[in-house]
Amino acid sequence: MRLSFSISLGFALFTAAVPLAAQSFDSTAVAQLSLMPMPASIHVDSGGHLPLTASFRLAVPRFKDGRLTRAADRAITRLARRTGLPLAHTIARDSLLGTLVIDVRGPGETVQSVDEDESYTLDVTTFRAVLRAPTVVGALRGLETFQQLVTGAGSGYAIPLAHIVDRPRFKWRGLLIDVSRHFEPVDVIERNLDAMAAVKLNVLHWHLSDDQGFRIESKRYPKLQDLGSGGSYYTQTQVREIVAYARDRGIRVVPEFDMPGHSISWFVGYPSLASAPGPYTLPTDYNFTAGAFDPTRESVYRFITRFVAEMAPVFPDKYWHIGGDEVDARAWEANTAIHRFMRRHKLNDFGALQAYFNKRLSRILAAQHKRVIGWDEILHPDLPHDVVVQSWRGQGSLFTAAAQGYSGILSAGYYLDAMSSAGQHYAVDPIPTGSDLDSAQAARVLGGEACMWGELVTPETIDSRIWPRTAAIAERLWSPATTVNVNDMYRRLAAVSVELADVGVHHLSGPDALWRLIAQTDRIAPLRALQRVVEPVSLGQRMHTRRPTAFTPLVQPGDIVTPDAAEGRALSALLDTLFRDPSRGAGLRDSLATIFSEWQAIAPAIATLHSRAPLLTDADSAAAALAAAGAIGAEALRYLGGGPPAAGMWISDRLAQLDSLAAPRGLMRLAIIPQLRRLVLAAGATAATTGQ
Ligand code: ACM
């Protein structure tokens, strides 16, 4: 029997007395909120608000649920910290006592599935807010929205009057964390789960094994962690704790054990699993390795069967990621027994051999009631159709998979280690407008995952590589396809970034700590100023400039600075206004002149720091380039301030200088060169276009 989905009678009368449809809704009020992801539907009434005071009470009528109670308790703690109010932690049972009433129909699935109902509605009146959801997971999502609605006004805090009806566009919204290349301790994973929950992500894809390390304790095969982890791995107790922590936040945990390639760490303890005899040692670099499982030996499948049987109860999720990417054919080519096996089984190429391996894996996993997900290389005509394909080499593989009847998720375009901007990730849609997928094929596109590969991140830097950019990806996966305004995304991202820091991730504090470490002083203002105008080089440039190994400490300036340099965007906005609104020309030129002289002042300050801190070499070189760029900007402003336009020689000379200043400075590059190019070109143009 379904429980009726309405609040207690007394409360129903109350809501009926304030019919939302009769209120006037205000789109400019919506435009001032900083929700991320944007809800499917939101109306805000700017005519009032629900004040937050010390008498705030949370009420949960209807039923008791441990997960909901813990979430309510966390919500009160966060609200108290946000407002400074001494809020009571006792939860009322009677709706009429609640300032925020959480009305949930049922607990949701015992093991959260990809089909869990995450919908909710939130109605805020001047008396109280009511959050209604069919499941606890929906209530968790709504509670995050409620937190983001908290607004400060001169006299105190309040929630705007709002009517929100919300549900996700995609049901698989994940973050991959690679803990093999660099191990990430339990607290790093847990604080990232909190941040994921804050932006309504629902899958932690835990990349637990790769060439460089095997990261979970096996009691059955202890040499996996004893010889394959360098001592850094999670005990099963810790893994169960993390899985429970994630479930409490409505997040599924999908483990990945990458095979048959990317698997050296298995072979250090158990070389007989491999297609070549070994011996094997853990790689200390990130070069491509040719090691792979031997798909032809029954003993290998017996090992995997027992391993899966041991791990299946630790990971209750229905899905198990088998990896399957980048298998190097050299691993199999050299083995004559493998060639004989392929002839006997009529396997014409190594793709067919991998498909044979994958079919065996999927049977082993099916016996443990698991479904397979793997990287797009696993797509093969012999693949069973209940396999999910994760597209990383391009969006085409997702469409091919969907057309062939496979479900899929998108990661191409969501690689965080590529060091792209939030705006670039935001523009990537699992089902882009104009895609020719039919409705059945589109329904097979389950969503996407941001990927945080581990070669270039440590526990100190991982948060600033994941956040806040992943919030933009989270919005792409949750919000309607029509939510595409990049400037508004960045406006909201700035607010959400601060919220994420309060939730617990270190993306804002981490860079400061590292600057202090490498500058050996707490007077890091010039470095913070530099950070606002530089970005890390792309992954490809990074790997070719100074290829890191497992021993590289990752404390270079290029490891500290982040994409989306704040001043780069601010400068673009200033120039947009300057060229659009001539009447503001003089004031804007003054602002620009101030910025350019500040840039010129940073260089000597950083040079002084560098004289005692050799690790600041790249920062020193970037600061010198910034000073040169500032000088060009100042010259361009003088032309724009009056007199004849700049001569062609001056323009071509300055553009050439800017080209050379655009080159990487070690592992960083200036993020303001295109803006200066605009200014130089404008200096040579006519007065009518430059706001004189
Ligand atoms: C991958 O990036 N090799 C999945």
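For clarity, every value in this text was computed on a predicted model and none was experimentally measured. First listed ligand is number 1; within each ligand, the first listed atom is number 1. Only heavy atoms go into these numbers, but all of them, side chains included; no hydrogens, no water, no symmetry mates.
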*State the atoms of ligand 1, each with its element, that fall below the 4.0 Å cut-off from a heavy-atom position in Y415.*
1 (C), 2 (O), 4 (C)

_Would you say that R476 contacts D429 through its side chain, given a criterion of any heavy-atom pair below 4.5 Å between the two side chains?_
yes

*Within 45° of the ring axis of W206 and under 6.0 Å from its six-membered ring centre, is that where the NZ or CZ of R215 lies?*
no

*Please work out which of the three classes, parallel, tilted or perpendicular, describes the rings of W453 and W375, given edges at 30° and 60°.*
tilted

*Counting from 1, what ligand 1 atoms have a heavy atom of E326 closer than 4.0 Å?*
3 (N)

*State whether the shortest distance between N or O atoms of W392 and N or O atoms of ligand 1 falls below 3.5 angstrom.*
no

_Would you call the rings of F357 and Y301 parallel, tilted or perpendicular, taking 30° and 60° as the class edges?_
tilted

*Looking only at protein heavy atoms, which one is nearest to atom 3 (N) of ligand 1, and how far off is it?*
D325 OD2, 2.6 Å

*Under 3.5 Å between some N or O of ligand 1 and some N or O of H262?*
no

*Begin from the C-alpha positions of F214 and Y270 and carry the test ring-ring contact (aromatic ring centres under 6.0 Å, His included) through to its verdict.*
CA-CA 12 Å; F214 189 94; Y270 299 95; 9.2 Å; no

